[in-house]
Each structure stands twice: as structure tokens, then as C-alpha cells.
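Inspection log for the structure reproduced underneath, given as C-alpha cells.
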Amino acid sequence: MINGQVLVKVPASTANLGPGFDTLGMALSLYAWIEMEAVPGGDTVIELYGEGLEGIPTDKTNLTYKVAKLVFEEAGLEMPELRIAMYSEIPLTRGLGSSASAIVAALVAANALAGSPLGEDKLFQMASELEGHPDNVGASLFGGIVVSAWDGTRAEKVRIAPHENLEVLVAIPSFQLSTEKARHALPAKLDMKDAVYNVACSSLLVAALASGNLELIPFAMRDKLHQPYRAPLVPGMSEILEQATSRGALGIALSGAGPTLLALVDRSSDRKAELESFLLDTLRAYGIEAQTMWLAPALNGPELAIFDAGKTVTFMERIKGEVRA
Ligand code: HSE
């Protein structure tokens, strides 16, 4: 066990990229930070910083505490009382993988605190099981674009380096949409022709991303498996999915379970302002206020730093140079 503090920075993620339901993920340049230390003889305390974390429990029902406990159990070590501090710039319940980032951050931090008994693959298996699908956690854990498959027992993945021209525009509606609700909207059965359509689009999208064929993205980034059923939950989404590629996007998709809409954009495009206005104006026409952000694919997974016990620098002082204003 480490006698000191561990600090972990983890990227947000987008899942599905349109057709790759529960399979494709990409890490994004928005981050969550967790600091963790054992407090022998003390009580567990969970500190939440920044906006938007209201309502998150600060007792032992907190997700990051429960994940840390699993790491210690898995490693066969006694669970210490912990101080966990958390700051996140990833909006919650918007389809940007905030819970996956918290899971990955807690797994990596607790594992480091325990002296790194578990390997990266074990952490990936645990994260996939905790989330129920590997797409967001894989992206947060490995960075870049991650293609993964989980059979309910084991997850396998291949990481793809994002093309250097890929940029990301997200339009984040002001309302929350739970993954549970968005999964409930899905049908129990699909038409064979829709299933074939998705296999084709998803396979072509992976091949296009892996080979750098960005010109295939508008054709490949289309879906008939989940987006048509989720569209009624996000007013304006159908119109945006239909028109964004003619308004400057390479491809457009619901980010994860939504409600955020995510456009892939060629960094050198001169139509970025047009696309941004199109997304905001369309949502507004349907009565939805939204915030846009220009992001990049995050190339790396978690960054870990270990500090000796006795240092007096606070958590927020440690990360303040890095967080978005
Ligand atoms: N693949 C998942 C979904 C991501 O679309 O439901 C959200 O957790």
C-alpha cells in the first residue's frame, strides 16, 4: 500500500459513434480528476469540487468508493478508510461517459494506492462489467478510438489512433437523459435488414477510421439500431442527424445514450461556425437550450501521479492549472 496520495486524470468519452452500439468509443479532451489516499485510524470522507456534482453521495454509497472497495477485494487486501476528492468537467447524464470516467479513475487510483496488484486488462474487465458494456470505459482507459467486444464474461479491444484531422463538436442539451431511460426506448427485436445495415456501417466506419479514410465517414456513420428509437427523447435530433453532413460535419451521431449530439469535423474545414449555428439553432427551434464545445480526441488514457505523504498542497491547487475555466 502506498503511503501518500494518488492523483488520476481521466478523459471523457463518446460511445457508439453512430452504428457501433456498445462497441465503439472515443476518448475526448474533457476530464475528471480523482485524488485518493488511505486515512488509517480516520473515517472515509468524499469531497466533491466544481459545479454539477450536486446530488452525488458523499458516503460509502459513492460510486468511486464502491469501485475502490472492489479493487481491494479483488487484490485480497484489507480495505482502508479513504479520503477521495473528485473534480469533473464532464457534464453528468449527458452521454459523455461521466460514470465510465469515474469508474476508470477510481479503479486506477485504488489500484495504484494498493501498490498496483491488478494489471490493465483486469481493470478493463472490471470496468466493462461495472458499466455493462465496454465502449465508454475502454475509451477512457486506453485513449483514442477503441473498438471493443464484450461477451458478458470477457472484453477484448483494439485501439485505433485517431486521424490527426479529426476534431469534435458536441452540442450538449441542458436537460439530463439517463442511460437507463434511453436503453428502455430500444426495441427487443430488430429487422434483419436493419441489423445487416448496422453491421455494414459499423464495419466500414472502423475500417475508415483505422485507414484514415475520412471521406467515408458521412456514409458509414449511420445507424438503424438505436438512434431512430432514441430520437423522440431528443427534440430536433432527427433533423440534425439528417442534415448535419450537408452543414459541415463529416459525421453526426447521438453521443452514447444522449442527449448530447456529436459531430466529427475535419479540422481544416471552413464551415465550423455554420455547423455550430445549425446545431444550436435547430435545437432551439425545438425548444432545447444547448451548449456547444469544440473538443479533440484524447490520445491517452489515465494520467497517474503519486505524491508522498505529508505534502500540504491541496487537491484543487494540484489541478487548477489544467481544468477548463
Ligand atoms: N452504448 C451505450 C448506449 C452507451 O448507447 O446505451 C451509454 O452508456
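Read the numbers this way: they start at 1 and go in the same order the structure lists the ligands and their atoms. The chain is numbered in sequence order, starting from 1.
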Table please: side-chain donor-acceptor pairs of residues 264-275 below 3.5 Å, with sequence neighbours left out.
| from | atom 1 | to | atom 2 | distance (Å) |
| --- | --- | --- | --- | --- |
| D266 | OD1 | S268 | N | 3.0 |
| D266 | OD1 | S268 | OG | 2.9 |
| R267 | NE | E164 | O | 3.1 |
| R267 | NH2 | L166 | O | 3.1 |
| S269 | OG | R271 | N | 2.9 |
| R271 | NE | E274 | OE1 | 2.9 |
| R271 | NH2 | S246 | O | 2.9 |
| R271 | NH2 | E274 | OE1 | 3.4 |
| R271 | NH2 | E274 | OE2 | 3.0 |
| K272 | NZ | E167 | OE1 | 2.8 |
| K272 | NZ | R267 | O | 2.8 |
| E274 | OE2 | R247 | NE | 3.4 |

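E74 is linked by a salt bridge (charged side-chain N to carboxylate O under 4.0 Å, His left out) to K122, counting only residues two or more places apart in sequence or in another chain.
A salt bridge between K157 and D135 is absent, with no side-chain N of the basic residue lying under 4.0 Å from a carboxylate O of the acidic one.
Counting Ile, Leu, Val, Met, Phe, Trp and Tyr side chains that sit under 4.5 Å apart, directly or through other members, V39 stands alone, with no cluster partners.
For R222 and F219, the positive end sits near the middle of the six-membered ring, less than 6.0 Å away and at most 45° from its axis.
The two atoms that bring I2 and A112 nearest to each other are CD1-O, 3.1 Å, heavy atoms only.
Contact residues for ligand 1 (protein heavy atom closer than 4.0 angstrom to any ligand atom): A15, N16, F21, D22, H133, D135, N136, T179, R183, R230, G256, A257.
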